[in-house]
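A note on names: the letters A, B, ... follow the listed sequences, proteins ahead of strands, and every chain is numbered from 1.
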Number of protein chains: 2
Amino acid sequence: MVTQRAIPLHRRIRAAIEAKILSGEWPPGTRIPTEAELAATYDCARMTVNKALTDLAADGLIERRRKSGSVVKRPVLQSAVLDIHDLKAEVEAAGFTYRYTIATRKIRQATRADCERLQLAKPVPVLALSCLHLADDRPFCWEDRLISLAAVPQAQDATFIHQSPGAWLIGEVPWSAAEHRISAVSADASLAALELAPGTPCLAIERRTWDAEQPVTHVRLIYPGDAHALVARFAPSKAG
Amino acid sequence: MVTQRAIPLHRRIRAAIEAKILSGEWPPGTRIPTEAELAATYDCARMTVNKALTDLAADGLIERRRKSGSVVKRPVLQSAVLDIHDLKAEVEAAGFTYRYTIATRKIRQATRADCERLQLAKPVPVLALSCLHLADDRPFCWEDRLISLAAVPQAQDATFIHQSPGAWLIGEVPWSAAEHRISAVSADASLAALELAPGTPCLAIERRTWDAEQPVTHVRLIYPGDAHALVARFAPSKAG
DNA sequence: TAGTGGTCTAGACCACGCA
DNA sequence: GCGTGGTCTAGACCACTAG
C-alpha cells in the first residue's frame, strides 16, 4: 500500500467514518466498529484509530461508551459557533471608517441594579460608561458598560477617549469566561444617539465577563436591526 | 509522587497550563515550554504532554508552531458557542406544554425569491410551509419554511400535522451543514398569528441547511422580543 | 541546519458498565 | 466476568520553519 503522507492517517480514518455518517450510510444510532477492528481495517496501531474517534466525539458526531462501543449521535442542527466580532474590526472589514466617542463616564458604588447586571454578591465601586460606535461617521452601535473596579482597579485611571472600553479590557484581562444574551428591543429615548425612529427594532447583545470567578464587566450593545445581523456557520467537517 | 488516578495526567497538565494563562501569569504572546521540557517537568512521556497541548490548541488558548514552539494566543472574547435548542425541547424545558399547528402548505416551482432563500442555482420544486409554535397555548414562535423537493422528495408526502417540519427533517437528513443569521425585526401583518401589537420588536433567526453541498431548507423563526432570548456561554476550561 | 511539533508504533494496565 | 474505551509509555521518523 502506498502511504499518502500529505494527509495524516488519523485524519483519513476520521474522514472515512465522517463520510459514512454524513452520507447517511451510518444513520444515528449505528454502532461503529471497535477501535481494535478499525485498527485491523486500516492496518495501524489502536492509538491512531483512537485519535480519529476522539476527534469525532469532540465534534459531537459520535458518542463513545465503554463496553457498549461508539455509536453515531443524533445531529444537533441548532448548535452553532457564533462569532461576535470586535466592533472596530467588523466595521473596518466592511470597508468603513471606524470612529468611537465616549458619552458618559461615572464612578459610583454599585447600585442594586448594578449588582444584578454584574452579578455581584455585594456592592463594590464600579465604573459606568456609555459610548457610541460609528461607521463612516454614521451611528452604528450604542454601548452601555459597567466595569467592576474591584476586579479592574486600573480602569479608574483610564479615560477611554482614544480606545474603547472593550479594546482596553482585552489588554488588561487576558482570558476570561463570558456569557452572552441576544434579544430584540425597541429603540427608545436612551438610544437617542443612534438617531433612530422610536420603535425601530434593535438587536441587543449583552455580555457578562468573569476573570477567575470574579465579575469583571457587563456590556450591552445595541444595534439598529436593519443595519446589523449575527451570522454563524456550522459544518461538521470543519468544526473543531 | 502519588499518582491521582481520578483525573488523567494529560488533563492535569492541561489544567496547570490553563491556570497560568487564565491567571495572567503567562500573558498572550508568552512562549510556553516545549513538549520535551514539559515531559521532563511532569515526568511523563512526550505523547501525554502532546495531548494536553493539542487540547489547548483546539480550544484556542494557545497556538502551536514548529520550530518556534507554542505561544499563548490573544483571547477572542467575542466568540461563543450558541445553542439554539429544539423548539419543543426548549418549551418543555421551561415547564410549558408544547403545541404546534400548521398554517399553510404549498408546493410550487421555486420563484426567484425562493431561489435566493435556498441559494438555488436554478429553480426546482419546493415545499413552502408556515407554522405556529405554542407554549401553553400561547403563540411563541412563527415559522416560515422552504424545503427543496429536489433534495428531500419525500417531503411531498409529509403532512406535518403531528410533527413539525424541523423535527421531521432531522429524521430525514441525518447530518448537514448550516448557516444561521440572527437579526431584529418589527412585527407586521405577516406575523398576525403571534398576536403582537404592530411594531413589537422580534428576534428573527434564519437557518439555511445543506446536505452534501445541496440546499435542503431555509427557515425563518420569529420570536417576540420580550419573550425570548438566545444565551451562549464561553468558558475556556469547558469549551470543547 | 537544527529545533520543534506531528505523527505513529506496539505494546501495557486500568476503569467502566453491560451481561 | 469481560469487552470496550481511556490512558500512558518509550521509543521512532518525518515535516516544517526560524535563524
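Counting any heavy atom pair closer than 4.0 Å across all strands shown, B:T54 reaches no nucleic acid atom. Among the protein residues, A:R46 comes within range of the nucleic acid bases, having at least one heavy atom under 4.0 Å from a base atom.
The number of heavy-atom neighbours closer than 6.0 Å to CD of A:E116, taken from other residues, nucleotides and ligands shown, is 12 or below.
Rounded to whole angstrom, the span from the CE atom of B:M47 across to the C1' atom of C:dG5 amounts to 12 Å. One can place CD of B:E63 at 17 Å from P of D:dC16, the figure rounded to the nearest angstrom. One can place CD1 of B:I7 at 15 Å from C1' of D:dG6, the figure rounded to the nearest angstrom. At whole-Å resolution of the value, NZ in A:K51 and C1' in C:dT9 are 14 Å apart. Distance CZ (A:R65) to C1' (C:dA19): 15 Å, rounded to an integer number of Å. One can place CZ of B:R31 at 13 Å from C1' of D:dG19, the figure rounded to the nearest angstrom. The interatomic distance linking A:L9 (CG) with C:dG6 (C1') rounds to 13 Å, in whole Å. Following rounding to the nearest Å, B:E37 (CD) and C:dT4 (P) show an atom-to-atom distance of 7 Å.
Distance from the side chain of B:H10 is smallest to D:dC8 among C:dT9, D:dG6, D:dC8. For A:E35, taking side-chain heavy atoms from C-beta onward, the closest of the listed nucleotides D:dG6, D:dT4, C:dG3 is D:dG6. In this structure, the nucleotide among D:dC2, C:dT7, D:dG6 sitting nearest to the side chain of A:K67 is D:dC2. The listed nucleotides are C:dT7, C:dA15, D:dT17; the one nearest the side chain of A:R66 is C:dA15.
Under the 30°/60° scheme for interplanar angles, the aromatic rings of A:Y223 and A:F140 are found to stand perpendicular. The aromatic rings of B:W168 and B:F160 sit perpendicular, their planes meeting at an angle over 60°, well past the 30° parallel limit.
If you take OG1 on A:T217 and CZ on A:R117, they are separated by 8.5 Å, rounding to the nearest 0.5 Å.
Positionally, the nearest nucleotide of DNA chain C for B:A36 lies more toward the 5' end than for the other of A:S68 and B:A36.
Within the 4.0 Å cut-off from OP1 or OP2 of C:dT4, not a single side-chain nitrogen or oxygen of B:S70 is found. The shortest distance between the side-chain N/O atoms of B:T34 and the OP1/OP2 oxygens of C:dG3 is not below 4.0 Å.
Nucleotide D:dG19: unpaired (no Watson-Crick or G-U wobble partner with both distances less than 3.5 Å).
Taking the side chain to side chain contact (heavy atoms under 4.5 Å, CB included) definition, one finds that B:T41 meets it with nothing, sequence neighbours left out.
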